Structures are given as C-alpha cells and as structure tokens.
Chemist: 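One structure follows; several queries about it will come next.
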Amino acid sequence: MARPEQSPSLPGYLQENETSEEFRDLIGSIPTEKGWVANHLHQYQGFWHTSRQLQGVLACQKHFQAQDGRLPIGVEHHAFFRRGEVGDSKNHLTAEMKEKMDMITEQKLHCYGLKL
C-alpha cells in the first residue's frame with residue numbers, strides 16, 4: 001500500500017497512516033504545546049494528552065455506550081446513588097449515623113473554620 005505524501009510541516013505522528021482524518025482535524029483545532037514527556041501535548045476537555053493517549057480517549061468516547069440501570073453485580077444503581085435533597089437525611093439515616101457523620105465532618109474540616 002502506498003504511503004501518502006509526507007509534508008515536512010506536519011509532525012511525524014500525523015504523517016503515519018494510523019491517524020484518521022477526524023483525528024488530524026481535531027489536532028489542528030485544539031491547543032498543542034511542546035512537552036517534556038512527549039514531543040507534543042494536546043489539551044482536550046481540560047486535560048493534556050500525548051497523541052497516543054488522545055487517540056485512545058477518542059476511541060473510548062466513540063465506542064462508549066451507556067448501560068442500563070444495573071451494576072455488574074446485578075444490583076440496581078439506585079441502591080447506591082440517589083437524588084439528595086436538603087433535609088432528606090432524616091428519611092435515610094438514624095440519629096446515631098447523623099451524629100457520627102457530623103463528628104467526622106467537624107474533625108476533618110475544623111482547621112478551615114467549619115462550625116456545625
């Protein structure tokens with residue numbers, strides 16, 4: 001298979017057949033810096049990635065499909081996650097549990113001036 005004509009203005013990793021046109025277009029539209037770990041780092045969605053990492057991130061995003069409400073262990077997700085509302089703890093926690101959480105919170109955050 002013939003290799004595409006290589007442009008001296010493009011870095012080597014963009015001249016390889018491995019990169020898709022979509023990836024090359026994205027690289028041209030996001031901030032890129034010369035890094036000390038890799039020749040080029042690209043900022044994508046708030047993080048800096050090497051070219052290979054970015055290709056992996058894009059592949060994961062492209063093929064990601066959300067699953068139904070069951071966790072891999074067969075339990076519904078709402079058993080662990082729920083919509084929290086102010087004052088709703090009285091429906092889910094005992095008085096002892098609330099006191100314990102308040103004590104831990106105060107211990108951990110007292111140095112920041114937290115007063116419960």
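Note that this is a predicted model, so its numbers are computed, not measured.
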Chemist: Tell me every residue that passes side chain to side chain donor-acceptor pair (under 3.5 Å) with E21, counting only those two or more places apart in sequence or in another chain.
Modeler: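 Per chain and number, E21 pairs via side chain to side chain donor-acceptor pair (under 3.5 Å) with R24.
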
Chemist: Can you check whether T32 reaches H40 side chain to side chain, under 4.5 Å on heavy atoms?
Modeler: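 When only atoms from C-beta onward are counted, H40 and T32 do touch, with a gap below 4.5 Å.
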
Chemist: Please check this pair: side chain of H110 against backbone of Q107, looking for a donor-acceptor N/O pair closer than 3.5 Å.
Modeler: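 Flag set: sc H110 to bb Q107 pair under 3.5 Å.
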
Chemist: Could you measure the distance from the OG atom of S89 to the CE atom of M101? Nearest 0.5 Å is fine.
Modeler: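 Nearest 0.5 Å value for the OG-CE distance: 8.0 Å.
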
Chemist: Would you say the side chain of P31 lies within less than 4.5 Å of the side chain of W48, judging by non-hydrogen atoms?
Modeler: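 W48 reaches P31 side chain to side chain.
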
Chemist: Could you tell me whether E96 atom CD has more than 12 heavy atoms of other residues or ligands within 6.0 Å of it?
Modeler: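 Incorrect, the count does not exceed 12.
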
Chemist: Any chance you could measure I104, atom CD1, to E99, atom CD, to the nearest 0.5 Å?
Modeler: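 It comes to 12.0 Å.
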
Chemist: How many angstroms lie between atom NZ of K34 and atom CG of L41, to the nearest 0.5 angstrom?
Modeler: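 The NZ atom of K34 sits 10.0 Å away from the CG atom of L41.
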
Chemist: Is it the case that H42 and S51 place a side-chain donor and acceptor less than 3.5 Å from each other?
Modeler: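 Per modelled atom types, H42 and S51 side chains form a pair under 3.5 Å.
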
Chemist: Can you tell me how far CG of L54 sits from CD of Q45, rounded to the nearest 0.5 angstrom?
Modeler: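 Answer for the CD-CG pair, Q45 versus L54, is 9.5 Å.
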
Chemist: Can you tell me how far CG of L26 sits from CD of Q55, rounded to the nearest 0.5 angstrom?
Modeler: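 Separation between the atoms: 10.5 Å.
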
Chemist: Just do the side chain to side chain contact (heavy atoms under 4.5 Å, CB included) check on K98 and M103 with the steps written out, would you?
Modeler: CA-CA 9 Å; K98 287 176 16 180; M103 182 185 71; over 6 Å; no

Chemist: Mind telling me whether F47 and H49 have parallel, tilted or perpendicular rings, with 30° and 60° as the class edges?
Modeler: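 Because their plane-to-plane angle lies in the 30° to 60° range, the rings of H49 and F47 count as tilted.
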
Chemist: For Q53 and T50, indicate whether the former's side chain and the latter's backbone hold a donor-acceptor pair under 3.5 Å.
Modeler: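 At least one qualifying donor-acceptor pair exists.
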
Chemist: Kindly compute the distance separating CG (L109) from CD (E106), expressed to the nearest 0.5 Å.
Modeler: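 Output value for this atom pair is 9.5 Å.
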
